[in-house]
There are 2 protein chains.
Amino acid sequence: MSQTASIKDVANHAQVAVGTVSNVLNYPDRVSQRTKERVLKSIAELGFVRNDAARQLRAGQSRTIGLIVLDVGNPFFSSVARAAEDAATALGSVVLVGDSGQDASREAHYMDLFQEQRVQGLLISPVGDVSARIDTLRERGVPTVLVDELADTDRCSSVSVDDQEGGYLAARHLLDLGRRRLAFVGTPSIRQVSSRLEGAQRAVAEVPDATIEVLDSAGQTVLAGRQVGNALVERDPGERPEAVFCSNDLLALGVMQSLTMLRTLRIPDDIALIGYDDIDFAISAVVPLSSIRQPTEALGRTAIELLAEEQESNGTKHRTVVFTPELVVRQSTAGSPN
Amino acid sequence: MSQTASIKDVANHAQVAVGTVSNVLNYPDRVSQRTKERVLKSIAELGFVRNDAARQLRAGQSRTIGLIVLDVGNPFFSSVARAAEDAATALGSVVLVGDSGQDASREAHYMDLFQEQRVQGLLISPVGDVSARIDTLRERGVPTVLVDELADTDRCSSVSVDDQEGGYLAARHLLDLGRRRLAFVGTPSIRQVSSRLEGAQRAVAEVPDATIEVLDSAGQTVLAGRQVGNALVERDPGERPEAVFCSNDLLALGVMQSLTMLRTLRIPDDIALIGYDDIDFAISAVVPLSSIRQPTEALGRTAIELLAEEQESNGTKHRTVVFTPELVVRQSTAGSPN
DNA sequence: ACTCGTCTTTGAATCGTTTCATTTGTTACG
DNA sequence: CGTAACAAATGAAACGATTCAAAGACGAGT
């Protein structure tokens with residue numbers, strides 16, 4: 001009683017064979033009412049709990065799905081993760097979340113871990129180049145779905161949002177306000193960020209005299225944004241951009257903190273500011289933050305769907321889903337004269 | 001090659017016994033240089049990856065620690081979770097995070113799941129009354145540490161923050177500003193919330209003429225805060241409280257959104273506002289939000305430490321750690337005349 | 001040549017489940 | 001009464017790792 005009872009203990013206690021106990025658990029219809037009751041009673045009395053490791057070992061696969069995100073502290077990813085968890089739960093699976101923190105070695109660590117766990121499948125927002133590993137995984141029967149990243153081959157499924165389009169929407173919006181000297185804040189070494197930058201540059205190229213400078217931030221966090229903001233504040237007023245596009249809302253909130261610290265600088269009048277992701281906190285910022293909204297729930301849900309399709313087709317059928325982002329205008333870019 | 005290789009395959013390929021392969025993996029010193037090299041080569045060639053299920057089955061225990069939180073979307077919990085993960089990683093363990101969403105049945109679901117997984121231990125911010133289940137778990141050798149909750153018995157360890165004190169600090173601060181008609185926003189059915197309320201009431205009782213009314217919110221989210229805020233806005237100005245204490249920052253941000261929507265109402269002049277948790281987003285709110293800071297990293301780290309102590313002592317040694325919260329004053333309660 | 005000690009290697013047993021071919025039990029029908 | 005048809009229960013084998021007692025290899029010492 002002190003240690004955990006096994007199925008064998010239950011069988012002894014209920015005076016049946018182990019196979020019968022297993023049947024009660026997995027195929028109740030195969031067992032007669034009388035024995036079923038007896039077995040269930042024994043299970044309750046002994047406090048028997050299935051040993052998942054043994055189950056998995058026999059089954060050769062776990063009921064677990066691995067999810068590797070770039071930063072769980074970022075509401076964008078926690079929202080995606082939540083949606084994926086809900087969708088997986090409905091299918092009787094569990095989602096294991098790993099946080100790579102945009103570090104390729106941590107990413108590799110989680111991939112190793114998930115492989116040892118024999119996960120059903122892997123959802124990943126990659127940091128480094130993981131295509132080789134994904135190929136290996138597929139060979140081994142572990143389907144993978146890229147999340148928030150477009151599959152560049154037709155060898156795996158992916159669900160993403162059109163980052164170029166999002167970047168274009170943001171920059172276009174700033175240009176429509178009449179701003180010409182734009183700045184982009186982010187770490188372009190991240191694929192999503194560089195795509196957003198490309199989109200922004202495309203918009204800028206469409207407008208004569210418009211320019212965009214790139215301010216490389218040390219990460220994609222509020223803190224990194226604050227640092228960039230401080231650098232902007234220290235510039236000569238004439239050297240400051242008229243509008244700033246941050247590659248995510250955390251950065252934008254950080255920039256906003258710095259800019260508003262200097263009481264003479266007004267948002268959006270002196271500098272218009274737009275972020276990306278439209279996290280819940282964007283609306284309640286000092287100056288409610290304009291942003292580009294991404295359908296996080298759809299991303300998470302679809303990722304699980306695609307994984308299920310991969311499994312059903314034994315990893316032969318791949319699909320690519322691309323959502324379109326949406327501009328959300330708030331006060332931080334509210335109509336200044338044009 | 002297509003399917004995953006087992007230790008037996010490696011043994012065949014390297015012309016050694018399975019035990020030797022296992023030794024190469026677990027006790028490299030016991031194996032001669034020559035064979036070690038040969039085995040490692042085979043492992044690489046076959047792409048062998050340990051099967052964790054088999055390992056666990058043999059070991060009788062996993063390297064996993066279960067963590068059940070009330071809401072992963074809340075930065076307070078995601079921060080605690082992150083700290084716990086980091087601390088666990090250092091010990092070679094993995095943290096599985098379950099989100100109860102303040103729902104007792106989901107909480108029970110995760111407890112079942114973790115028990116089936118034979119987790120090393122359980123960290124939990126309980127919703128319902130879980131003491132009976134915790135007793136059962138301890139009997140089965142699964143140590144449990146209560147997180148953000150004071151253990152009411154000496155039968156298990158716990159790490160928490162003094163919520164009464166935090167509530168007292170918040171209310172005291174509002175009273176020190178000269179406010180007398182206070183309001184408390186939150187769902188007192190949650191233990192932490194009711195403790196914070198008690199602390200606030202204690203502070204109020206110390207000041208003649210001071211009152212505090214309780215506004216029950218539908219949850220602890222930004223949305224729920226917005227609803228309460230709307231209700232406040234609709235009141236006659238004379239009926240509105242002079243200061244509002246929200247049981248967490250999400251609620252406070254929601255209330256702030258509603259209040260600032262009505263352009264004539266000023267924070268802190270007309271209504272002072274203070275939250276709880278001091279999440280990163282508090283500082284960048286419309287009006288930077290005063291709050292009560294809790295040491296989230298210390299909570300997560302300590303939780304893992306306590307769990308380790310429980311394991312070492314075989315669940316006989318329990319310890320209770322209580323941290324003290326800290327008042328952070330920002331503009332939302334900035335000095336109005338007293 | 002023989003024994004002893006040390007270092008390597010071996011391989012059967014084990015963990016707790018599921019599966020499935022077999023056996024046992026029961027009922028119905030000619 | 002014999003037997004076919006079906007339902008229920010059985011228990012050995014398998015999953016893939018770790019463990020550990022035992023066997024094997026080898027050199028040193030006498």
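In what follows, every heavy atom counts, from backbone to side chain, and hydrogens, waters and symmetry copies are set aside. Each chain gets a letter, A, B and so on, in the order the sequences are listed, and its residues count up from 1.
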Asker: OP1 or OP2 of C:dT18 less than 4.0 angstrom from a side-chain nitrogen or oxygen of A:Arg50, does that happen here?
Answerer: yes
Asker: If only side-chain N and O atoms of B:Ser32 are considered, is one of them under 4.0 Å from the OP1 or OP2 phosphate oxygen of C:dT9?
Answerer: yes
Asker: Do any N or O atoms from the side chain of B:Ser157 and from the backbone of B:Thr320 form a donor-acceptor pair under 3.5 angstrom?
Answerer: no
Asker: Pairing donors with acceptors under 3.5 angstrom, does anything connect the side chains of B:Thr64 and B:Gln117?
Answerer: no
Asker: Side-chain N or O of B:Arg55 less than 4.0 angstrom from OP1 or OP2 on D:dG16?
Answerer: no
Asker: I'd like to know if B:Arg58 reaches the base of D:dT18 with its side chain, counting only an N/O donor and acceptor under 3.5 Å.
Answerer: yes
Asker: Nearest whole angstrom, please: distance from the P of D:dA14 to the CG of B:Leu57.
Answerer: 17 Å
Asker: Have B:Gln220 and B:Thr187 got a donor and an acceptor in their side chains that come within less than 3.5 Å?
Answerer: yes
Asker: Using a cut-off of 4.0 Å on non-hydrogen atoms, how would the nucleic acid contact of A:Gly19 be classed: base, sugar-phosphate, or nothing?
Answerer: base
Asker: Any side-chain N or O of A:Tyr27 below 4.0 angstrom from OP1/OP2 of C:dT19?
Answerer: yes
Asker: Between A:Thr35 and D:dA8, does any side-chain N or O lie under 4.0 Å from OP1 or OP2?
Answerer: no
Asker: Using atom CD1 of A:Ile43 as one end and atom P of C:dT17 as the other, report the distance to the nearest whole Å.
Answerer: 10 Å
Asker: If you assign each of A:Val18 and A:Lys36 to its closest nucleotide in DNA chain D, which residue comes earlier from the 5' end?
Answerer: A:Lys36
Asker: Charged N to carboxylate O below 4.0 Å: is that the case for A:Arg63 and B:Glu116?
Answerer: yes
Asker: Under 4.0 Å between any heavy atoms, over every strand shown, what does A:Asn26 touch: base, sugar-phosphate, or nothing? Just pick one.
Answerer: sugar-phosphate
Asker: Would you mind reading off the distance between A:Gln33 atom CD and C:dT26 atom C1', rounded to a whole angstrom?
Answerer: 18 Å
Asker: Examine D:dA8: is either OP1 or OP2 under 4.0 Å from a nitrogen or oxygen in the side chain of A:Thr20? Give yes or no.
Answerer: no
Asker: Checking side-chain contact (heavy atoms from CB on, under 4.5 Å) for the pair A:Arg82/B:Asp71: CA distance, chi angles, key distance, verdict?
Answerer: CA-CA 10 Å; A:Arg82 186 178 204 133; B:Asp71 175 15; 3.5 Å; yes
Asker: Calculate the interatomic distance between B:Gln115 atom CD and C:dG16 atom C1'; express it in whole Å.
Answerer: 16 Å
Asker: Rounding to a whole Å, what distance do you find between A:Arg34:CZ and C:dT26:P?
Answerer: 10 Å
Asker: Would you call A:Arg50-B:Asp112 a salt bridge at under 4.0 Å N-O?
Answerer: no
Asker: Any side-chain N or O of B:Asn51 under 4.0 Å from OP1/OP2 of D:dA17?
Answerer: no
Asker: If an axis is fit to five pairs at each end of the helix from C:dA1-D:dT30 to C:dG30-D:dC1, what is the angle between the two, to the nearest 10°?
Answerer: 70°
Asker: One thing to verify: whether B:Lys41 and B:Glu45 come together as a salt bridge, which I'm taking to mean a side-chain N less than 4.0 angstrom from a carboxylate O.
Answerer: yes
Asker: Return the value, rounded to whole Å, for the distance between atom CG of B:Asn23 and atom P of C:dC7.
Answerer: 15 Å
Asker: Assess whether atom CZ of A:Arg319 is packed by more than 12 heavy atoms of other residues, nucleotides or ligands within 6.0 Å.
Answerer: no
Asker: How is B:Val16 classified with respect to the nucleic acid when contacts are heavy atoms under 4.0 Å: base, sugar-phosphate, or nothing?
Answerer: sugar-phosphate
Asker: Taking atom P of C:dT18 as reference, at what distance in whole Å does atom CD of A:Gln61 sit?
Answerer: 15 Å
Asker: Please pick, from D:dT10, D:dG16, C:dG16, the nucleotide with the shortest atom-to-atom distance to any side-chain atom of B:Ala54.
Answerer: D:dG16
Asker: Please determine whether a side-chain nitrogen or oxygen atom of A:Ser22 lies at a distance below 4.0 Å from atom OP1 or OP2 of C:dT18.
Answerer: yes
Asker: Between P on C:dA21 and CZ on A:Arg30, what's the gap in Å once rounded to a whole number?
Answerer: 12 Å
